[in-house]
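Since the structure comes first, as C-alpha cells, the remarks are kept for the end.
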Amino acid sequence: MDNRIWEKNLTAMEKWYPEFADIIRETEVKEEDSQVFSEVSGDGEVIFRVQKAGRMLFLGGRRNARQPVKMWMKRLGEIHKYAPVFLFGIGSGAYLKALVGQTEESVNVVVYEPSFRIFQQLLSAVDLVEIIENRPIAFIVEGINEGEFEPVMNQVLAVQNMEFLIEEIHPNYQVFYGEEIVGKVRILHRKVQEIMIGYNSSQLFQGSLAQNIFYNLKYICEGYHTKQLAKAVQGGKTAVLVAAGPSLDKNIHELKKAKNRAFILAVDTAVGPLVRNGIMPDAFVTIDPHKDLELIEAPEAEKIPVIAPGTARTALIEHQEGKKIFYFDSYALPAHIYLINGKVMPGASSGGSVACSGFSVLFKLGFQTIILVGQDLAYTNNKSHADGTFQEKMPQEDTSGMIMVKGNYEEQVPTLRNLRVYLEWFEMYIAGMKREHDVRVINATEGGAYIEGTELMALRDAIAQNCQEEMDYSDRIAQMEPDLTDAERKKAVEYLHSVPKQFQEIKEYADQMKFIYHKLEKISKKRDISEKACRKQLRKIKKLSKKCQEHPPAFQLVDVTMSGAEFVLLSEYYYEEENTAKELQETARKGMVYSDVLGRCAELLKEMAKEPLLSIQ
C-alpha cells in the first residue's frame, strides 16, 4: 500500500464525506477469499488483477487499457448536465476518471463497489484527488455503507431526469460480483418503475393521452383508416416522405415537380415550410399528443388530409377539414370498434418519431419506391430543423458535445441520442422490409446522417427518374368511402356508451383489492404469521386482478398509468429470498398504494370519458 496516495485520497474525500473517510480508515479487510494486485498495462495505465475462488480476472485491458475507456465514453455520447449516472464497479478508476473529466459538475455520479478490497486497492494505488475534491461523488461500498444505496438513489433520481439516466457495469465484475450487482441493479430498476408509475399516473390525470383518445373516437367512428387509403392510392408507384430536417431548405423547391407524380406525405412539422413554398402535400402524418397547432397553421393547410393514431392531439385533428385517416397504435379502445364488427383496424410501426411512423405508413400503403427528403437525423449546418418550422430562420446551435455519426455527404455529422435511435430504427426497418419485399428507398436528403440500406441521390434526379406517371392523389383521397356501414357504426357507438360503466367496475374491484391488502397488512403484524391466511388473501387479490381485466380496452388505459399491471408488487412476495414479516408488510403497503391509484385512475377516466363518448350519436 502506498500510504501517501492513500492519505491524499482520504483527505480529499473528507471535504465531502468526513465520516465515510474515517470509516474506511478503521475498516479491516474481511474478504479472505480474494486478492487484488496493481499492474501496469501495455499502454502505461494502472489496472487491477483480481484472484478469487481459484480464478483470475483483469479489471482493465492488459495490453491496451485506454482504448476501451475511450470507446465507452463515445458510446455514452453527450451526457446531459443533470443526468444521474450509476457505475456498478469502480475497478482502477479509469472509467470514473473519464466520466468526471467529460461531464459537468451538475451530473450526479453514484459508484457502487461490491468489494472493499478493490476499493482499498484503488485508494492506495491511484491518485483520485482531483476528481474527489471537485465533485461530491457518492461512493457506496459493500461492507462499509451499502445501506446508503437506497437513500442516495432516492435523492438522485426524479421524474425530471429519468430520460437521462445512465447505468453501467464495469467489465468483468459480473463474473465475481454478479449477485451483489444484480441486487443493487434490481433496487434501481424498482425505483425507476415506481417513479414512472407516478409520472404516468400524473400524465394521464392531466388528460392528454386518454382525453385525445376519447375525443378522437367520434372521428374514428367515421370509418377512415390507412387500409382504405391504400386502396385509394393503388397504382401509385412512388411516394415522397418529407421531414423537417435542416437540409430541407436546400431542395424544398424541387418538390413542386413531384406534385401529382408521387404521393407526397409530410410530417406535421414540415407542413408549414411546404405550404409557404407553394407545395400542398397529399396528406400529413402526426403522432404527438401535444403537437403545437401553430406548426400546421398555414394558408389552406387545414384542407390537407391527416393520418394519425388515436392518441394524436384532438385539437389538431379537429382543425383539419380534410379526411381524418387513422391507424392502430397499440391502444385497444379505437381498434375495438372495428373488432366488434368483425373488422381489423390496420396498424403502423413506430420508431418513436413521426417520420418513422410516416415511413411505415408509406410501406404499408404499397409504394415500390420511397424517397426521403429532409430526413437529416442530425444537425446539418448545426441547425435542428428547416427554416419556417419553429422559427422563420432557425438558429445555429452549439454541437461540440454531440454524438458523431456517418454523414451522407460529410465524413461525420453531429446528432443527439434520440435521433440516433431513430436512425437505427430506419436501418432496422429498411433491412426487414427489403428481406421480404422489393422496395427501393432513396435518400434525397442533401445533408444529414447516412441511413444504411438507402440509395443517395439528389432530389431532382430522384424525381426525374421515378415520378413519371400522373395521378391526382388528393382527388382519390377525397373520394374515399367510410369502412363502417351505418349499422356497424351504430354498434360501435353503443359500445362506446358502455365504456364509462366499465371504468366504474374497475374502480369497484380496485377498492376491494385495497381492502384485502389492508387485511394482509394486519396478518403480517401478528406474532405468528399464517402462511395459509396469506395465500388466501393473495388468491382473492389475483381473482380481483383478473376481474379488472375483463374489459381489456378500458383496463389498458388504466394500465398505462400503472407501468405493468400484472401485479409486480405481488411477485415481490413470492420471489424474495426471505419471506420475512417486514417484506410482507412492504408488499401490503405497496399493494394498498397500487390499488388506491388504480381506483382513482379508473374513477377519473370514467368522468373524463362521459362527455366525449356519450355525446357520440
**OP:** From the options Glu113, Glu142, Glu148, select the one residue that forms a salt bridge (Lys or Arg N to Asp or Glu O under 4.0 Å) with Lys184.
**Re:** Glu142
Original post:
For the side chain of Asn64 and the backbone of Asp43, is there at least one donor-acceptor N/O pair under 3.5 Å apart?
Top reply: no
Original post:
Looking at Val267 and Ala243, what are the two nearest heavy atoms and their distance?
Top reply: CG2-CA, 3.7 Å
Subject >> Donor-acceptor pair between Tyr379 and Thr415 side chains, under 3.5 angstrom >> reply: no
Original post:
More than 12 non-hydrogen atoms from neighbouring residues, nucleotides or ligands closer than 6.0 Å to CD on Glu130, yes or no?
Top reply: no
Subject >> Any donor-acceptor pair under 3.5 Å from Asp288 side chain to Ala312 backbone >> reply: no
**OP:** Could you tell me which non-hydrogen atom of Ser124 sits nearest to which non-hydrogen atom of Ile5, and how far apart they are?
**Re:** O-CB, 3.7 Å
Subject >> Check: Glu168/Trp72 side-chain N/O donor and acceptor closer than 3.5 Å >> reply: yes
**OP:** Would you please classify the geometry between the Phe149 ring and the Phe88 ring as parallel, tilted or perpendicular, with 30° and 60° separating the classes?
**Re:** tilted
Original post:
Do the ring planes of Phe139 and Phe119 sit parallel (below 30°), tilted (30 to 60°) or perpendicular (above 60°)?
Top reply: tilted
Subject >> Atom CD of Gln155 with >12 non-hydrogen neighbours under 6.0 angstrom >> reply: no
Subject >> Criterion salt bridge (Lys or Arg N to Asp or Glu O under 4.0 Å) against Asp127, the qualifying member of Arg4, Lys8, Lys97 >> reply: Lys8
Original post:
Under 3.5 Å, is there a donor-acceptor pair linking the side chains of Asp376 and Ser247?
Top reply: yes
Original post:
Any idea how Tyr173 and Tyr177 line up, ring-wise: parallel (<30°), tilted (30 to 60°), or perpendicular (>60°)?
Top reply: tilted
Subject >> Close aromatic pair by centroid cut-off 6.0 Å: Tyr409 and Tyr450 >> reply: no
**OP:** Scan side-chain atoms only and decide if Thr103 and Arg135 contain a donor-acceptor pair under the 3.5 Å cut-off.
**Re:** yes
**OP:** Look at atom CZ of Arg63 and say whether more than 12 heavy atoms of other residues, nucleotides or ligands are closer to it than 6.0 Å.
**Re:** no
**OP:** Look at atom NZ of Lys81 and say whether more than 12 heavy atoms of other residues, nucleotides or ligands are closer to it than 6.0 Å.
**Re:** no
**OP:** Give the minimum heavy-atom separation between Leu265 and Gly358, together with the two atoms involved.
**Re:** CD2-O, 3.7 Å
Original post:
Centroid-to-centroid, Phe86 to Tyr112, below 6.0 Å?
Top reply: no
